[in-house]
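FYI, the numbering just counts along the sequence from 1.
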Amino acid sequence: MNSAAETTGLPAAALVAGASSGIGAAVARRLAARGHAVSLVGRREAELKEVAESIRTGGGTALPLALDLAEPGAPAEAVAATAAALGPVGVLVCSAGAIRLAAIHETEERHWERQVRVNLTVPFLLAREVLPGMRERRHGWIVNIGSGVGSEVVPGSGGYGVSKHAVERLTELVHEENRDLGIRAATVAPGWVATRLAARPADLGVPEDEVLDAEDIADTVAWLLDRPARMSVGPLVRVEPTASRAAAGDAMTRHLTRARAGSAGPIAKESR
């Protein structure tokens with residue numbers, strides 16, 4: 001295992017946005033198990049503290065930071081607090097997400113702007129904060145958690161699909177602009193993952209064991225970070241369930257159909 005500390009001699013601080021639950025929490029625990037001191041950023045303070053305690057119980061170092069990253073100045077505050085407490089950020093993982101599924105003509109401006117802010121602008125602002133230090137140290141990893149829907153045209157995916165597609169291009173730009181400075185970037189784009197942000201498998205007649213779980217995505221992030229410095233992977237890494245009926249686009253289409261029939265709950269959620 002080649003952690004940032006082993007490569008640079010500096011503290012291997014990792015910042016995980018959206019670390020209070022789901023994919024973000026799983027990634028944070030996995031990074032801590034790798035030896036990274038981890039900053040856990042999200043809105044839900046109680047849940048962040050629970051994740052931090054689980055990391056500390058396992059012998060790791062965790063700093064919970066209860067911040068709404070969509071607020072002005074919050075990304076810069078998160079990076080500064082992490083650096084002050086844990087050292088320079090060597091790994092940035094953006095897992096915060098907002099989703100409100102609707103056709104374009106049915107999407108309210110405020111909902112569009114919220115999704116673009118959380119899903120795209122927050123990763124941009126965090127990357128902008130950490131990149132100068134990474135470039136100076138000539139080492140770093142930026143991983144954005146995208147979505148399989150970002151690579152497909154799924155009617156009804158609305159601002160979520162657009163923002164997840166855009167974050168793929170953001171990641172590509174970060175990768176190309178910094179690859180010769182020892183900095184690598186990738187978007188991990190999962191298919192259907194069993195988290196509170198997604199539809200419940202039982203509601204769509206899919207067995208739970210056919211759907212990905214958060215640990216699968218944490219495994220993927222850890223695998224990326226373990227690649228030798230000479231190797232570039234991605235910058236788009238698709239991770240889909242094997243079963244076609246659990247594919248992201250198909251699952252979202254069926255979820256939307258069910259919701260429009262009035263048999264499903266709200267399809268507006270945030271994981272931060």
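Among all heavy-atom pairs drawn from R43 and A66, the shortest one is O-CB, 4.5 Å. For N119 against G97, the heavy-atom pair with the smallest separation is OD1-CA, 3.3 Å. P241 and G191 get closest at one heavy-atom pair: CD-CA, 4.0 Å. A pairwise comparison of heavy atoms in S95 and G24 identifies OG-N, 3.3 Å as the closest pair. A pairwise comparison of heavy atoms in R56 and A62 identifies NH2-O, 2.8 Å as the closest pair. Closest approach of I23 to P190, counting heavy atoms only: CD1-CG, 4.4 Å.
At distances below 3.5 Å, not a single donor-acceptor pair connects side-chain atoms of T187 with backbone N or O atoms of A189. Although no hydrogens or angles enter the test, the distance criterion places a donor-acceptor pair under 3.5 Å between the side chain of R137 and the main chain of G133. The backbone N or O of L181 sits nowhere less than 3.5 Å from a side-chain atom of N178 that would complete a donor-acceptor pair.
Taking CD1 of I99 as the reference point, atom OG of S147 lies at 7.0 Å (rounded to 0.5 Å). Between the CZ atom in R227 and the CZ atom in R184 there is a gap of 9.0 Å [rounded to 0.5 Å]. For the atom pair F124 CZ and R117 CZ, the distance stands at 9.5 Å (nearest 0.5 Å). For the atom pair S163 OG and E113 CD, the distance stands at 13.0 Å (nearest 0.5 Å). With values rounded to the nearest 0.5 angstrom, E240 atom CD is found 11.5 Å from W192 atom CH2.
With a 4.5 Å cut-off on side-chain heavy atoms, L63 and T61 do not count as touching. Residues H36 and V91 are in side-chain contact: their nearest non-hydrogen atoms beyond the backbone lie under 4.5 Å apart. Using a 4.5 Å heavy-atom cutoff, the side chains of V38 and L40 are in contact. Side-chain atoms of T171 and L236, non-hydrogen and from C-beta on, never get closer than 4.5 Å to each other. L225 places a side-chain heavy atom less than 4.5 Å from the side chain of V143. Counting heavy atoms from C-beta on, the side chains of E50 and E53 never come closer than 4.5 Å. In this structure, the side chains of P64 and V51 stay at 4.5 Å or more apart for every pair of heavy atoms. For the pair L170 and L120, the minimum side-chain heavy-atom distance is below 4.5 Å.
Under the 4.5 Å side-chain heavy-atom criterion for Ile, Leu, Val, Met, Phe, Trp and Tyr, I104 and V153 are members of distinct hydrophobic clusters. One hydrophobic cluster, built from ILVMFWY side chains closer than 4.5 Å, cannot hold both L173 and V233; they sit in different ones.
The local environment of CD in E176 is crowded, with over 12 non-hydrogen atoms from other residues, nucleotides or ligands closer than 6.0 Å. By the neighbour-count criterion of 12 heavy atoms within 6.0 Å, atom NE2 of H111 is densely surrounded, having more than that number from other residues, nucleotides or ligands. At most 12 non-hydrogen atoms from other residues, nucleotides or ligands lie less than 6.0 angstrom from CZ of R169.
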Could you go step by step and tell me if V237 and T220 meet the side-chain contact (heavy atoms from CB on, under 4.5 Å) rule?
-> CA-CA 9 Å; V237 179; T220 304; 4.2 Å; yes

Report the C-alpha distance between I183 and H139 in whole Å, list the side-chain angles of each, state the deciding distance to 0.1 Å, and finish with yes or no for side-chain contact (heavy atoms from CB on, under 4.5 Å).
-> CA-CA 5 Å; I183 299 163; H139 186 275; over 6 Å; no

Evaluate the criterion side-chain contact (heavy atoms from CB on, under 4.5 Å) for residue pair R30 and V221; output intermediate values, then yes/no.
-> CA-CA 9 Å; R30 187 61 53 86; V221 173; over 6 Å; no

Can you list the steps and then say if V162 with W112 is a side-chain contact (heavy atoms from CB on, under 4.5 Å)?
-> CA-CA 10 Å; V162 171; W112 175 276; 3.9 Å; yes

Show me the side-chain donor-acceptor pairs of residues 69-84 shorter than 3.5 Å, one per line, residues at least two apart or across chains.
from: T82; atom 1: OG1; to: S39; atom 2: OG; distance (Å): 2.8
from: T82; atom 1: OG1; to: A78; atom 2: O; distance (Å): 2.8

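With L126 as the partner, the side chain to side chain contact (heavy atoms under 4.5 Å, CB included) test is satisfied by one option alone out of N144, L92, V93, L131: L92.
Side-chain contact of R44 with S21: a donor-acceptor pair under 3.5 Å is present, judged by distance alone. Using modelled atom types, one finds no donor on one side chain facing an acceptor on the other under 3.5 Å when comparing R179 with S232.
A salt bridge does not link R34 with D219: every distance from a Lys NZ or Arg NE/NH1/NH2 to an Asp or Glu carboxylate oxygen is 4.0 Å or more.
Within the structure, the salt bridge (Lys or Arg N to Asp or Glu O under 4.0 Å) test picks out the following pairs touching residues 139-165 (sequence neighbours left out): E152-R238.
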